[in-house]
S.K.: 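Once you've had a glance at the structure underneath, I'll fire off some questions.
Atoms considered below: every heavy atom in the structure, side chains included; atoms not considered: hydrogens, waters and symmetry mates.
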Amino acid sequence: MAITKMLLNKYSSVDKFFVFFSKLLFFITVFITSCTFHSSLKQEFLFSNNYAVLKLFLSFLIPAVSTAFCFYATKNFNFIGKATSVTMILFIFLNEFDFSFFKNTNKSNLYHLACGILTFFTIFFVSCALFYRSKNKHIKYFGFNNFYNEFFKIYLFLFIYLFFTAFLLHRQVSNLRVVNLIPFNGEIKDAINVIFEKDGNWIIKTIRTIGNIFFFTTMPLLLSRFINKNKIFLITIIPILTSFLAELIQGLTKIGDADIDDIILNTLGTIFGVLIYKYIIKKLLLEEQKCLEL
């Protein structure tokens, strides 16, 4: 009896260490792949603008693996949601303030902001996949609803910060008013041309185009947490109107280029986001609610 009790205590200690290690690993890897991927930081690999393709790949792979590891250790999303929220706040903090150890005087560019966003949404979509894969009637609570709420409540601040960064801080007032009203003759045409030209900045241009889609894909998911009535209609129309308003302001104020292709890409991203919410996220939220009612 004493031997059995000793073995149980031993395995309990191992499990606790495994859970602690998984949480520590998750937080460290998420921090590294999001907050510290800045071109203005003083290091050769993690903190430079070099190795762009590799860093883009790592900002997806590392958080994906650490999220899965943490989930299977803890059997819920409680820590993942809290740690991701904290890292988002640190991400905004490090992007906004100048520290002599972390940053030079130059602002980090949009490529590194994109790496951070990719990291956070890798965690989000991997968590959705893990929840769908691990649905079990014997486990009544995974904490997915809380994770979803925590993620998008903090992402609201990040979204606002990125919106103003992308449309104001990284743009300059021009002497010329550049307006493109011909579909597929602006951003989309440039994106297609990038495929066939040898340009050293191809990855930046590609990310900019993908960002026009993906940034607005997240907007319906964000709005779904704050809208209850006429949800599908509103989470569709609000991002499209926001895109139109942003292009209109750019055209009137000469901050950047007013391009109908941007509205097309933003609308495409919005449709993706609505479809993801309607056919995936909404079902997952209902699934956990059903588990709680069993």
S.K.: May I ask whether Ile227 and Ile240 are part of the same hydrophobic cluster, defined by side-chain heavy atoms of I, L, V, M, F, W, Y residues being less than 4.5 angstrom apart, directly or through others?
M.R.: no

S.K.: Any chain of hydrophobic side-chain contacts (each under 4.5 Å) joining Leu265 to Phe272?
M.R.: yes

S.K.: Is the number of heavy atoms from other residues, nucleotides or ligands under 6.0 Å of Phe226 CZ greater than 12?
M.R.: yes

S.K.: Treating Ser243 as the side-chain partner and Pro239 as the backbone partner, does any N or O pair qualify as donor plus acceptor under 3.5 Å?
M.R.: no

S.K.: Between CG of Leu162 and CD1 of Ile92, what distance do you get to the nearest 0.5 Å?
M.R.: 7.5 Å

S.K.: So, Ser224 versus Tyr148: side-chain donor-acceptor pair below 3.5 Å or not?
M.R.: yes

S.K.: Can you classify the ring geometry of Phe147 versus Phe144 as parallel (below 30°), tilted (30 to 60°) or perpendicular (above 60°)?
M.R.: tilted

S.K.: Any chain of hydrophobic side-chain contacts (each under 4.5 Å) joining Val179 to Ile182?
M.R.: no

S.K.: Is the ring centre of Phe79 less than 6.0 Å from the ring centre of Phe27?
M.R.: no

S.K.: I'd like to know whether CZ of Phe214 has more than 12 heavy-atom contacts from other residues, nucleotides or ligands below 6.0 angstrom.
M.R.: yes

S.K.: Can you tell if the side chain of Leu234 reaches within under 4.5 Å of the side chain of Leu223, non-hydrogen atoms only?
M.R.: no

S.K.: Assign the ring pair Phe71 / Phe142 to parallel, tilted or perpendicular, where the plane angle (0 to 90°) is split at 30° and 60°.
M.R.: tilted

S.K.: Taking CZ in Phe125 as the centre, count heavy atoms belonging to other residues, nucleotides or ligands within less than 6.0 Å. Is the count above 12?
M.R.: yes

S.K.: Under a 4.5 Å cut-off applied to non-hydrogen side-chain atoms, are Tyr72 and Ser134 in contact?
M.R.: yes

S.K.: Going through the checks in order, is the side-chain contact (heavy atoms from CB on, under 4.5 Å) test met by Thr270 and Thr217?
M.R.: CA-CA 5 Å; Thr270 298; Thr217 298; over 6 Å; no

S.K.: Following the transitive rule for hydrophobic clusters with a side-chain heavy-atom cut-off under 4.5 Å over Ile, Leu, Val, Met, Phe, Trp and Tyr, establish whether Met219 and Leu156 coincide in one cluster.
M.R.: yes

S.K.: Locate the shortest heavy-atom distance separating Ala73 from Ser22; write the atom from each residue and the value.
M.R.: CB-OG, 3.3 Å

S.K.: If hydrophobic clusters are built from ILVMFWY residues whose side chains come within less than 4.5 Å, do Ile280 and Leu275 share one?
M.R.: no

S.K.: Counting only heavy atoms not in Lys231, do more than 12 fall under 6.0 Å of its NZ?
M.R.: yes

S.K.: Check the pair Asp262 / Asp259 against side-chain contact (heavy atoms from CB on, under 4.5 Å), numbers first and verdict last.
M.R.: CA-CA 5 Å; Asp262 286 341; Asp259 189 352; 3.7 Å; yes

S.K.: If you round to the nearest 0.5 Å, how far is OH of Tyr277 from NZ of Lys283?
M.R.: 12.5 Å

S.K.: Do Val274 and Ile232 touch side chain to side chain, with heavy atoms closer than 4.5 Å?
M.R.: yes

S.K.: Donor-acceptor pair, Thr218 side chain versus Phe215 backbone, under 3.5 Å?
M.R.: yes

S.K.: Whether the side chain of Ser66 engages the backbone of Phe26 through a donor-acceptor N/O pair (distance < 3.5 Å, no angle test) should be reported.
M.R.: no

S.K.: Might you work through the side-chain contact (heavy atoms from CB on, under 4.5 Å) test for Phe120 and Phe151, ending with a clear yes or no?
M.R.: CA-CA 9 Å; Phe120 298 132; Phe151 186 97; 4.2 Å; yes

S.K.: If you define the side chain from C-beta out and look only at heavy atoms, does anything of Phe69 sit under 4.5 Å from Phe21?
M.R.: yes

S.K.: Kindly check if the number of other-residue, nucleotide or ligand heavy atoms within 6.0 Å of CZ (Phe233) is above 12?
M.R.: no

S.K.: Do the side chains of Thr122 and Ser59 get nearer than 4.5 Å, heavy atoms only?
M.R.: no

S.K.: CG of Leu241 to CG of Leu248: how many Å apart, nearest 0.5 Å?
M.R.: 11.5 Å

S.K.: With the side chain counted from C-beta on, respond yes when Phe77 and Leu130 share a heavy-atom pair under 4.5 Å apart, and no when they do not.
M.R.: yes

S.K.: For the pair Ile117 and Tyr155, evaluate side-chain contact (heavy atoms from CB on, under 4.5 Å) and give the outcome as yes or no after the intermediate values.
M.R.: CA-CA 10 Å; Ile117 292 300; Tyr155 180 71; 4.1 Å; yes

S.K.: Using 0.5 Å steps for rounding, measure from the CD1 atom of Ile123 to the OG1 atom of Thr67.
M.R.: 4.5 Å

S.K.: So do Lys82 and Glu150 actually touch side chain to side chain, heavy atoms under 4.5 Å?
M.R.: yes

S.K.: Hey, does Leu25 have a side-chain heavy atom less than 4.5 Å from the side chain of Ile28?
M.R.: no

S.K.: So, Thr119 and Ser34: side-chain donor and acceptor under 3.5 Å apart, yes or no?
M.R.: no

S.K.: Distance from Tyr161 atom OH to Met88 atom CE, nearest 0.5 Å?
M.R.: 14.5 Å

S.K.: Please check this pair: side chain of Glu288 against backbone of Gly143, looking for a donor-acceptor N/O pair closer than 3.5 Å.
M.R.: yes

S.K.: Is there a donor-acceptor pair closer than 3.5 Å between any side-chain N or O of Asp261 and the backbone N or O of Phe184?
M.R.: yes

S.K.: Do you know the tightest heavy-atom contact between Ile260 and Leu181?
M.R.: CG2-C, 3.8 Å

S.K.: Measuring from atom OG1 of Thr87 to atom CZ of Phe31, what distance do you get when rounded to the nearest 0.5 angstrom?
M.R.: 8.0 Å

S.K.: Fit a plane to each ring of Phe121 and Phe124, take the angle between them on a 0 to 90° scale, and name the class: parallel (under 30°), tilted (30 to 60°) or perpendicular (over 60°).
M.R.: perpendicular

